[in-house]
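Shown next, in structure tokens, is the structure this report addresses.
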Amino acid sequence: MPRKKMKVIILTTLIIIAILITGFIVFFTKGDSATKTFNTYKNNWVKQDFKTMYSMLSVKTKETITEEQFVDKYTAIYSGIEAKGMSMKVENEIKDENKNTIKIPFSISMNTAAGKLNMPGYKATMVKEKVNNKKKWDLFTKKEWTLVWDEKMIFPNMEAGDKVRIKPELAKRGEIVDRNGKPLAINAPIVCIGIQPNRFIKSKDTNISQMSKILDIDASVIETKLKGKEDLDQFVPIINILPSEKVKIAGVMKLEGVIHNKPEGRIYPGGEAFGSLIGYIEPITAEELEKLPGQGYTSVSLIGKAGLEQVNEKRLKGENGATIYISKEKDGKETQNLVILKKESKDGENIKLSIDSELQKKIYGEMNKDAGACAAINPKSGEVLALVSSPSYDSNARTTYISNSQRSAWKSGKDPFKNRFKAVYSPGSTFKMVTAAIGLDRGKIKPNEFINIKGTKWQKDKSWGPHNITRVSDPGKPVNLEDAFVHSDNIYFAMAALKIGKEEFIKGSNNFGIGEQLPVGYPIAKSQVANDNKIKDDVSLADSGYGQGQVLMSPLQLALAYSSVVNNGNIMSPTLESFNEKITSKAWKTNAVSVANIKFIKDGLYAVIENTAGTGHGAKIEGIALAGKTGTAELKKNADDKIAEENGWFICMDTANPKIVVSMIIEDVKNRGESHYVVPIVKGIMGYYLKKAVK
């Protein structure tokens with residue numbers, strides 16, 4: 001081999017050897033710093049990746065705890081205290097005399113069931129040691145930084161054998177009462193009927209048959225809850241029941257093996273009359289829990305599902321408290337508790353309503369489960385005295401149990417879970433008061449002017465095609481405003497709307513708050529004059545003048561509109577709560593009706609009841625001055641549909657010393673007297689309340 005070539009080979013070999021030696025030196029001497037390694041450990045800790053954390057522990061640590069034990073310990077503790085949103089602050093490392101040992105101080109911050117935990121005083125010990133990664137491509141065992149772990153890495157005061165415990169302190173849910181302090185939603189003991197299996201099964205089939213009959217439930221309900229527990233001497237809960245169900249409780253308690261306890265529950269003393277208004281609470285769902293992170297709910301929380309229980313959930317629920325502590329034990333008994341964090345519970349807010357519970361019950365009873373709704377207000381203060389949806393449900397059935405008879409009753413009638421008082425309906429002729437107010441204020445209606453209308457059908461001109469405005473009867477003479485109210489003359493008010501014009505009609509309606517969300521603390525649907533607040537043509541305008549077309553009103557909105565007639569033209573801000581330091585009586589809409597025109601409207605509405613020809617004459621009560629307006633709203637599937645459903649309205653108020661306005665709608669009154677069907681119902685309510693108010 002030529003000498004020159006030999007020199008090249010030797011030189012190349014020396015270079016390769018030098019590179020390899022350098023690589024080995026780097027491999028054995030250079031690596032991640034202790035802080036960098038701990039930061040990786042920290043990031044996995046924040047992510048609660050406990051398995052990866054374990055892989056970074058020192059060799060000696062792994063001899064004292066297995067991966068499964070390590071992961072289970074952290075999982076149980078962090079799950080128990082509901083650790084979330086964790087962050088860590090790492091300080092400068094402290095070098096030890098031993099170059100292979102470094103200490104790193106740090107602190108932890110996290111959200112827990114007991115609030116925000118800020119925990120300083122941690123100190124991680126990092127050691128550099130030989131670690132066999134056991135990877136195919138590793139030719140040698142190298143030194144790496146690992147972490148020496150013990151229980152102080154969970155909490156600085158924790159030692160081996162200690163337990164981390166949490167003691168919850170549940171907040172009491174706020175209660176709801178009426179204006180006089182009568183309970184409507186309270187926390188009180190209920191009765192939990194259960195079974196002690198080893199006694200019950202001695203006559204199992206007979207007991208199940210008797211129990212299901214007494215409680216009015218399917219036998220399968222009892223069988224399912226007993227399944228797999230027949231050999232256990234334990235309490236198996238079957239149903240919760242109100243303490244007032246004394247007959248059922250006494251009957252079922254005679255059965256061998258039937259026992260009971262009395263846990264705290266939610267009771268609704270108002271019954272069906274208040275179902276739609278108060279609502280109920282039920283266990284939170286997984287979906288709800290996911291949507292409400294960090295708001296104090298757990299998988300066993302109860303949450304408002306309907307009515308005021310749902311609307312005021314944040315105010316009523318309160319804030320649960322908890323104590324997180326380290327339990328030091330000896331021979332299985334606690335010897336010392338070291339409190340880590342404590343949060344006091346905060347009870348929910350009690351809410352006092354403006355509702356008169358006796359009036360609410362009276363209205364619900366008078367409606368006799370007819371489908372409909374009613375609102376009653378104090379026109380001078382804006383207080384809502386009653387808000388009724390019929391038929392309704394007993395909220396207690398949702399927090400105790402639902403009997404078979406109850407299920408059948410719900411299915412056989414109108415939907416009791418449809419909240420009708422928060423819905424909007426075509427107001428029919430009750431809207432004529434609004435049309436009159438707009439027309440008078442704009443000079444388009446002259447109260448003493450007689451309009452010569454002939455016949456029972458009218459249209460502006462031939463451009464309307466087959467569409468006609470109809471009225472019930474032709475009085476055979478010209479009519480003025482009062483006559484139009486008394487006879488509920490659709491043609492008169494359709495003509496008035498056309499004189500007012502589309503834009504002014506919309507503006508005038510808006511003065512009553514129509515189209516706005518009612519500031520009442522309950523999601524009542526918005527009323528409207530027309531879709532998108534625009535009346536498309538003269539036919540629609542004329543129909544709107546007597547409350548048809550696209551006009552939609554809630555019972556409460558109509559009661560508020562009428563209240564302006566007996567409150568100097570002003571509408572008070574409605575409230576469902578009794579007045580307090582935060583809620584005071586104040587005007588919502590001023591001059592909805594001009595003071596100069598109030599008398600004309602009031603006289604017309606008074607005549608509706610006082611005049612023997614008035615559509616509301618059936619509501620007359622001797623010695624009490626009342627004013628009001630009936631309304632029948634026709635519901636057609638299309639313009640050519642001659643068979644229409646009809647809803648009946650009646651709005652009534654006292655005028656001498658105004659205390660109440662009642663607005664009621666009853667659905668499907670066709671062939672039952674139309675709006676006249678509603679008149680005697682409201683009359684009974686007015687008489688009851690006003691005579692009661694005098695006492």
Side-chain angles (χ1 to χ4, degrees), residues 379 427-441 444-453 456 471-497 545-547 558-559 561-569 592-632 648-664 673-676 678-683 685-687 690:
S429 293
T430 60
F431 197 75
K432 290 171 181 175
M433 187 280 291
V434 176
T435 301
I438 300 169
L440 287 167
D441 286 353
K444 302 301 181 181
I445 293 178
K446 294 179 174 54
N448 297 317
E449 179 184 8
F450 286 88
I451 308 296
N452 190 16
I453 305 169
T456 57
R471 59 181 180 175
V472 176
S473 62
D474 180 359
K477 60 179 182 178
V479 296
N480 63 7
L481 177 61
E482 185 172 311
D483 295 329
F485 271 128
V486 169
H487 300 288
S488 199
D489 194 319
N490 290 346
I491 298 175
Y492 179 95
F493 286 99
M495 288 178 169
Y546 58 97
L558 269 170
Y562 273 71
S563 72
S564 63
V565 179
V566 290
N567 191 40
N568 300 317
V593 181
S594 298
V595 174
N597 294 321
I598 290 175
K599 181 181 183 302
F600 304 121
I601 295 176
K602 188 186 292 186
D603 287 349
L605 297 176
Y606 178 75
V608 167
I609 294 174
E610 284 296 317
N611 192 315
T612 55
T615 57
H617 182 65
K620 179 177 173 59
I621 301 173
E622 291 298 329
I624 300 177
L626 298 177
K629 185 72 189 75
T630 57
T632 301
W649 286 91
F650 185 46
I651 301 174
C652 191
M653 53 195 170
D654 59 317
T655 59
N657 183 20
K659 296 179 179 65
I660 188 170
V661 180
V662 174
S663 168
M664 181 179 290
E674 289 72 39
S675 61
H676 298 288
V678 190
V679 172
I681 300 174
V682 174
K683 175 184 178 178
I685 294 163
M686 296 296 291
L690 293 173

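Scope of the values below: all heavy atoms of this structure, side chains included, with no hydrogens, waters or symmetry mates.
Minimum heavy-atom separation, A625 to Y606: CB-CE1, 4.1 Å. Taking each heavy atom of D474 and I453 in turn, the nearest pair found is OD1-O, 4.0 Å. Across all non-hydrogen atoms, the minimal contact from W649 to S663 is CZ3-OG, 3.7 Å. In terms of heavy atoms, C652 sits closest to I609 at SG-CD1, 3.9 Å. Across all their heavy atoms, V661 and P379 have their closest contact at CG2-CB, 3.9 Å. Nearest heavy-atom pair, T630 versus S675, reported as atom, atom and distance to 0.1 Å: CB-OG, 3.5 Å.
Looking at L440 and P447, their side chains come closer than 4.5 Å, going by heavy atoms from C-beta outward. Between V434 and P427 there is no side-chain heavy-atom pair separated by less than 4.5 Å. Using a 4.5 Å cut-off on side-chain heavy atoms (C-beta onward), Y562 and T430 make contact. Looking only at side-chain heavy atoms (C-beta outward), K629 and T615 come within less than 4.5 Å of each other. Inter-residue side-chain proximity for I660 and M686 is flagged as met; some heavy-atom pair is nearer than 4.5 Å. With contacts defined as side-chain heavy-atom distances shorter than 4.5 Å, the pair D483/Y492 does not qualify. Side-chain contact between M433 and I651: absent, with no pair of heavy atoms (C-beta onward) separated by less than 4.5 Å.
Atom CD1 of I601 and atom OG of S564 lie 7.0 Å apart (nearest 0.5 Å). Annotation: the span from K444 atom NZ to I438 atom CD1 amounts to 13.0 Å, rounded to 0.5 Å. Atom OG1 in T655 sits 10.0 Å away from atom CG in L605 (nearest 0.5 Å). Put simply, NZ on K602 and CE on M653 are 8.0 Å apart, with the number rounded to the nearest 0.5 Å. The structure places CG of N480 at 8.5 Å from NZ of K477, a figure rounded to the nearest 0.5 Å. Atom CD1 of I451 and atom CD1 of I491 lie 12.0 Å apart (nearest 0.5 Å).
With N567 contributing its side chain and G569 its backbone, the two residues share no donor-acceptor pair below 3.5 Å. Although no hydrogens or angles enter the test, the distance criterion places no donor-acceptor pair under 3.5 Å between the side chain of N597 and the main chain of A437.
Taking Y546 as the reference, D543 meet the side-chain hydrogen bond (donor to acceptor under 3.5 Å, both in side chains) condition, with sequence neighbours excluded. A search for salt bridge (Lys or Arg N to Asp or Glu O under 4.0 Å) contacts involving E674 returns nothing, not counting sequence neighbours.
Taking the six-membered ring for Trp and the full ring otherwise, F493 and F485 have centroids separated by under 6.0 Å.
Counting heavy-atom neighbours within 6.0 Å of K683 NZ, excluding the residue itself, gives a total above 12.
N490 and K432 form a side-chain donor-acceptor contact under 3.5 Å, judged by distance and modelled atom types alone.
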